[in-house]
Engineer: 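Below is a structure I'd like to ask you about.
All heavy atoms count here, side chains included; hydrogens, waters and symmetry mates do not.
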Amino acid sequence: MKKAETNQLKKALGYSFGIAILIGGTIGVGILRTPGAIAGMLTNYWLIIACWVIGGIYILIGAGSYAELATMLPKAGGSYNYVKRAFGSYAGFLIGWFDYITNAIAPAFFCIVISEYVLILFPSLKSQNTIIAVAFLIAFTLLHASGVKNGSIVQQVTSTIKVILFVAFIIACFTYAGLKVGGTEKTNSFYEMGVIIGFFKSLQMVLGTYDGWNAGCFFAEEDQNPSKNIPKSLYTGAIIVILIYVVINVAFFYVLPVSSLAHSALAASEVAKLVFGSKGAVIVTIIAVFSVISILNAYMMIPARILFGLSRDGFFLQKGTSLNRGGTPIFALIVSSLFAMVLIVIGSFEMLFSLATFMSVIVWGLAYGSLIKLRISEPDLPRPYIAWGYPWTSLIMILFSVALFVGFAYADHKSLAVISCIVALSYPVYLTCSRKNKNAAPPNHRTKI
């Protein structure tokens, strides 16, 4: 493809894409699986629903903070830009690469998951799971190489289908004539130690299921009217996701009591077997496939935007700023896809995903810290949107991120050791990149550091 102008992404996206990327980047198979695990830790119906509501409040607070940051600095790369502006280029460099690794792992995982669900529908392909995963990766790489508009259309279509399927599933549950909210029969006191521990473990799983709610901020530079579209899409998308998550839990427990769903590996399948009969498992599998295709499409786009932002500031190869005719950061897309392909072939994700979650907490915490720092250091910076509840909402999010970091550090020593090594090695690499950027980059590619 012919290379187009570099260093600036095309403004080709809008409000509907912002909603679609949030829904597509958030709702996956997690909501089909986690209700069973949470029911195993919490035997009280109302505590379970409270977990999902609290998780929803969390992302609404986060949406306000990220809406201010993204409209204030509407650049490709999301959190990287905010941290860099607030705390300096080294902090930005470190957070940018943390965020890139976190998001670049995801496409490989989702391709593997899609291949597993395809094998459920077509058992005769059992020995071809790696080939199927690689085929999906190549197909979506080619899709996004064809242009931003095509990727945007697919995101909107798949996200719409996903919402329709979930709504249809919810309606089917409420029309089922079986058991009625059987989960309310147990009313353990919240103040029992086991319940408190179970509640916080459940909340951690809920927040993992909500992860992806800030996906639209990675595309702020490509939004035709970021000041207006980003806040609206963040809140609209978040509200849709919260409603689906809360209501589908209510629907599941309308069909089966908490005790029956406790520890179920795929709670949605247990419910579907009752609601739809023998075809229930197939229906849930189809919902899962569309869910994962939509989230895969989103995560094929995100890593390339982060790498583009890093490249533009001299923290990766300058070729990373190359765009094709369709406005896609083509070199960044190819590099990210090759990384994902290697992970698919290796096929081991457990430690990588633990590491990614750990890194995400660090990224979020510093992003919220950036909001406070920039309010103090640059009070006159144009802010088309002001985060609600400031500074208390920002402080709550920072404290929550710190608590998660401490909990992960205590529970996951391997990831802590890896992150410590990355931090130790990062400064020499940063200095090398900075020197090379100052000495070699042409003036129009230089960015103030």
Engineer: When the ring centroid of Phe316 is compared with that of Phe308, is the distance short of 6.0 Å?
Structural biologist: no
Engineer: Parallel, tilted or perpendicular: which fits the ring planes of Tyr299 and Phe110, with parallel below 30° and perpendicular above 60°?
Structural biologist: tilted
Engineer: Mind checking the CZ-CG spacing from Phe218 to Asn103? Nearest 0.5 Å is all I need.
Structural biologist: 4.5 Å
Engineer: In Å, rounded to the nearest 0.5 Å, how long is the span from CD1 of Ile396 to CD1 of Ile57?
Structural biologist: 10.5 Å
Engineer: Under 6.0 Å between ring centres: does that hold for Tyr427 and Tyr430?
Structural biologist: yes
Engineer: Run the ring-centre check on Phe169 versus Phe252 and record whether the distance is less than 6.0 Å.
Structural biologist: yes
Engineer: Rounded to the nearest 0.5 Å, what's the gap from CD1 on Ile240 to OG1 on Thr26? Could you check?
Structural biologist: 11.0 Å
Engineer: Would Arg305 count as a cation-pi partner of Phe219, with NZ or CZ less than 6.0 Å from the six-membered ring centre and within 45° of the ring normal?
Structural biologist: no
Engineer: Can you tell me how far apart CD1 (Ile48) and OG1 (Thr43) are? Round to the nearest 0.5 Å.
Structural biologist: 7.5 Å
Engineer: Of Phe400, Trp52, Tyr245, which is the lone residue that meets ring pair (Phe, Tyr, Trp, His ring centres under 6.0 Å) with Tyr58?
Structural biologist: Phe400
Engineer: Just say parallel, tilted or perpendicular for the rings of Phe93 and Tyr90, cut-offs at 30° and 60°.
Structural biologist: parallel
Engineer: Does the ring centre of Phe405 sit less than 6.0 Å away from the ring centre of Phe358?
Structural biologist: yes
Engineer: Stepwise, does the side chain to side chain donor-acceptor pair (under 3.5 Å) test hold for Ser227 with Thr71?
Structural biologist: CA-CA 5 Å; Ser227 299; Thr71 54; 5.8 Å; no
Engineer: I want to know whether Trp213 and Tyr210 have ring centres closer than 6.0 Å.
Structural biologist: no
Engineer: So, Gln156 versus Ser152: side-chain donor-acceptor pair below 3.5 Å or not?
Structural biologist: yes
Engineer: If the threshold is 4.0 Å, N to carboxylate O, is there a salt bridge linking Glu221 and Lys75?
Structural biologist: no
Engineer: How far does OG1 of Thr102 sit from CD1 of Ile306, to the nearest 0.5 angstrom?
Structural biologist: 8.0 Å
Engineer: Dump the intermediate steps for salt bridge (charged side-chain N to carboxylate O under 4.0 Å, His left out) on Arg383 and Glu68, then the final yes or no.
Structural biologist: CA-CA 7 Å; Arg383 290 173 170 84; Glu68 176 173 328; 3.2 Å; yes
